[in-house]
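What follows is one structure encoded as structure tokens, with my remarks underneath.
Only a predicted model underlies this, so the values are computations on that prediction, with no experimental measurement involved. In what follows, chains carry the letters A, B, and so on, assigned in the order in which the sequence lines appear, proteins first and then strands, with residues in each chain numbered from 1.
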Amino acid sequence: MSKKVRVRFAPSPTGGLHIGGVRTALFNYLFAKKHGGDFILRIEDTDQTRYVEGAEDYIVNALNWCGIPFDEGVGKEGKFGPYRQSERKSLYKQYADELISKGKAYYAFDTSESLNNHRKEHETKGKTFIYNWHNRLRLDNSLALSKEETTAKLDAGDAYVIRFKTPQDEKLALKDLIRGNMEIDTNILDDKVLFKSDGMPTYHLANIVDDHLMEISHVIRGEEWLPSLALHQQLYDAFEWQAPEFAHLPLIMKPVGKGKLSKRDGDKLGFPVFPLSWNGSLGYKEEGYFPEAVVNFLALLGWNPGTEQEIFSLEELVQSFSLERVNKSGARFDIEKTKWYNQHYVQQTSDEQLANLFIPVLEEKKISADKLAATYVTKVVSLIKERAVFVADFWNLSDYFFVAPTSYGEKAVKKQWKEGTPEILNQLVSVIENISDFSSNNTETIVKQWITDNELSFGKVMPPLRLVIVGDMKGPHIFDIIAIIGKEETVARIKKAIASL
RNA sequence: GCUCCAUUAGCAUAGUGGCUAGUGCAUCCGACUUUCUAUCGGAAGACAAGGGUUCGAUUCCCUUAUGGAGUACCA
């Protein structure tokens, strides 16, 4: 109870962090902050063959972009460092030795080839090869060998691993904060390798040792670790350490089909799986998502507040979060919902801020300087943002505010451009030229008055007007548009259309 | 195969031993804007199956089915 909450996110630097990992980090972060605790980043790079250059920086950058920075970890050394397992290498051997001297672990000299053969053999018989109590005495290890034989092998420099000696006929009571209590029979467990022949610990050993040394209070990780919980619990018991609390998060599933979300799904289905771009796959950032939206949708993937609230700021998430409300079953990823979240955040962002994000896009399009003024862009944004999901949508929704249409929608022309249209628009031009107060409301009143006075139908005037101003049948209220582009430009566009259509 | 976990509409989920099972996304229909991919309003749509326990079960128990994870000197 009195123990300080310390949680860790412990990814392996084998590639870009995908959103499943980001969500695990997020839940750890939320839990830590909710309880005034620390959020630690530890790099689990015990498998040197899978190390990928740049992955570690990527993880740090991704966390920062999401706004969930760690308190302690690589580059932010606290008193529990180093935070990279490869730099802690010298630490682990003594713990493996301790287990051996306690009789909780043993040396094994079996080669991977012989083990693979055993597995294959069992498979052809429809069985599973398990290295444990029922066959360990028939295999090549210090339990089957005499003390002398074992030391001889060790002294000769034979390659060995250290395996955990899983006890026989015991029932393990396991506790998970999300799933409740479980019971496991040790007879079905195998003697997992704790220490590899390359001198590195496996995940299991390093994980337990580090969590203990770093005084981790709660282990919050993905469900793929649930089957390992039995081993981990036994390891804590074997060391006579107090185990942290465990919580296993449900997996994030593919949007369609079976199985958990993988890095490949993004490319295949056309949505980002990475927070930032990685190896040619665009990330949420590059696709134009706001980090707030990403955090928000990720939080609701496998967790819910128990109310109908769906929009949460990070602070609100910290307030509302609890492990008890995390779901037990997998959460299917829904890209439409993530877009919905982003659309929401676009609407919440002020017109000024959005204009600032939009101006660089316009500059790239070589828009003339007078239309790049913040006040002008802000006005445009206020009209069109309603239907935008991303800032990147702004250009398509608003190009006609910046450049006159160079072509007109084919279908729209066919439907709206009738024989009498040029004549009507010519008259409209003279009406417009006489308006002095070119505000949206005033222009609208005058034009509508003119239509009724001349017994013209709205359908013969309004749609063609929209067509010549916008270039297609789209956009916000037409009088709002012409008020912004101005009288001169409005007249010019009408004339241009009459001449060219 | 074995072990563990799960199962409310197309998807994500809320909720309850007993009143019309709530919400969001998607869908369909209407309204508005004499444009729309927007907005507003409305509609349709679910407790996996079978067996118990119970006066009564979507809710508790068992079985089956389906889905998921793990089963490496990977994490």
- Item | Rounded distance in Å between the P positions of A49(B) and U35(B) | 47 Å
- Using atom P of each nucleotide, how far apart are G24(B) and U7(B) to the nearest Å? 23 Å
- Gap in Å between the two C1' atoms, one belonging to G10(B) and one to U16(B), rounded: 25 Å
- Whole-Å distance, Glu386(A) CD to U37(B) C1', equals 12 Å
- Item | Ring-face cation of Arg23(A) near Phe27(A) (centre distance under 6.0 Å, axis angle within 45°) | yes
- Ion pair check, Lys263(A) and Asp265(A), cut-off under 4.0 Å: no
- Message: Between P on C5(B) and NE2 on His248(A), what's the gap in Å once rounded to a whole number?
- Response: 12 Å
- Message: Tell me the interatomic distance from Leu465(A), atom CG, to U33(B), atom C1', rounded to whole angstroms.
- Response: 14 Å
- Item | Nucleotide nearest Gln343(A) when distance is taken to its side chain, options C4(B), U35(B), U39(B) | U39(B)
- Nucleotide paired to C73(B) in any strand shown, Watson-Crick or G-U, under 3.5 Å: none
- Determine, using ring centers only, whether Trp278(A) and Tyr58(A) are less than 6.0 Å apart. yes
- Length of the line joining Asp176(A):CG and A6(B):P, which is rounded to integer Å: 10 Å
- The Watson-Crick or G-U wobble partner of C28(B), with both key distances under 3.5 Å, is G42(B)
- Query: Contact class for Pro476(A) vs. all strands (heavy atom < 4.0 Å): base, sugar-phosphate, or nothing?
  - Reply: base
- Message: Please name the nucleotide paired to A21(B) by Watson-Crick or G-U wobble geometry with both distances under 3.5 Å, or report none.
- Response: none
- Task: Round to a whole Å and report the spacing from NZ of Lys254(A) to C1' of G67(B).
- Result: 14 Å
- Query: Are Phe9(A) and Phe70(A) side-chain neighbours, meaning at least one heavy-atom pair lies under 4.5 Å?
  - Reply: no
- Partner nucleotide, any strand, of C60(B) [Watson-Crick/G-U, under 3.5 Å]: G52(B)
- Task: Could you tell me whether Asp211(A) and Arg42(A) make a salt bridge, using a distance below 4.0 angstrom between a side-chain N and a carboxylate O?
- Result: yes
- Task: Can you check each nucleotide of nucleotides 11-16 of chain B against protein heavy atoms at under 4.0 Å and return B for base, S for sugar-phosphate only, - for none, in 5' to 3' order?
- Result: SSSSS-
- Ionic contact status for Arg179(A) with Glu223(A), cut-off 4.0 Å: yes
- Nearest-angstrom distance, C1' atom, G18(B) to A57(B): 9 Å
- Under the criterion ring-ring contact (aromatic ring centres under 6.0 Å, His included), which of Tyr284(A), Tyr345(A), Trp340(A), Phe312(A) is the partner of Phe297(A)? Tyr284(A)
- Message: Over all strands shown, is Lys474(A) touching base, sugar-phosphate only, or nothing at heavy-atom distances under 4.0 angstrom?
- Response: base
- Residue Lys153(A) excluded, over 12 heavy atoms near NZ under 6.0 Å: yes
- Message: Tell me which one of Lys196(A), Gln85(A), Met200(A) satisfies side-chain contact (heavy atoms from CB on, under 4.5 Å) with Asp47(A).
- Response: Lys196(A)
- Query: Paired with A14(B): which nucleotide, if any, by Watson-Crick or G-U wobble criteria at under 3.5 Å for both distances?
  - Reply: none
- How does protein reach along nucleotides 69-75 of chain B, written 5' to 3' as B (base within reach of a heavy atom under 4.0 Å), S (only sugar-phosphate), or - (no contact)? SS-SBBB
- Task: Between U8(B) and U23(B), how far apart are the C1' atoms? Round to whole Å, please.
- Result: 13 Å
- Run the ring pair (Phe, Tyr, Trp, His ring centres under 6.0 Å) check on Tyr107(A) and Tyr160(A) step by step: do they pass? CA-CA 6 Å; Tyr107(A) 298 103; Tyr160(A) 68 88; 5.2 Å; yes
- Message: Can you check the distance between G22(B) and U33(B), where both ends of the measurement are the C1' atom (answer in whole Å)?
- Response: 32 Å
- Task: Give the rounded distance in Å between these two atoms: CG of Asp480(A) and P of U33(B).
- Result: 14 Å
- Task: Kindly check if the number of other-residue, nucleotide or ligand heavy atoms within 6.0 Å of NZ (Lys460(A)) is above 12?
- Result: no
- Message: Under 4.0 Å, heavy atoms only, any strand: does Ile478(A) hit a base, just the sugar-phosphate, or nothing?
- Response: nothing
- Query: In the structure shown, which nucleotide is the Watson-Crick or G-U wobble counterpart of A65(B), with both distances under 3.5 Å?
  - Reply: U7(B)
- Item | Nearest-Å distance once atom P is located in both G42(B) and C5(B) | 44 Å
- Item | Nearest-angstrom distance, C1' atom, A9(B) to G45(B) | 5 Å
- Round to the nearest Å and state the distance from Lys120(A) atom NZ to G1(B) atom C1'. 19 Å
- Query: To the nearest Å, how far apart are Phe479(A) CZ and U35(B) P?
  - Reply: 12 Å
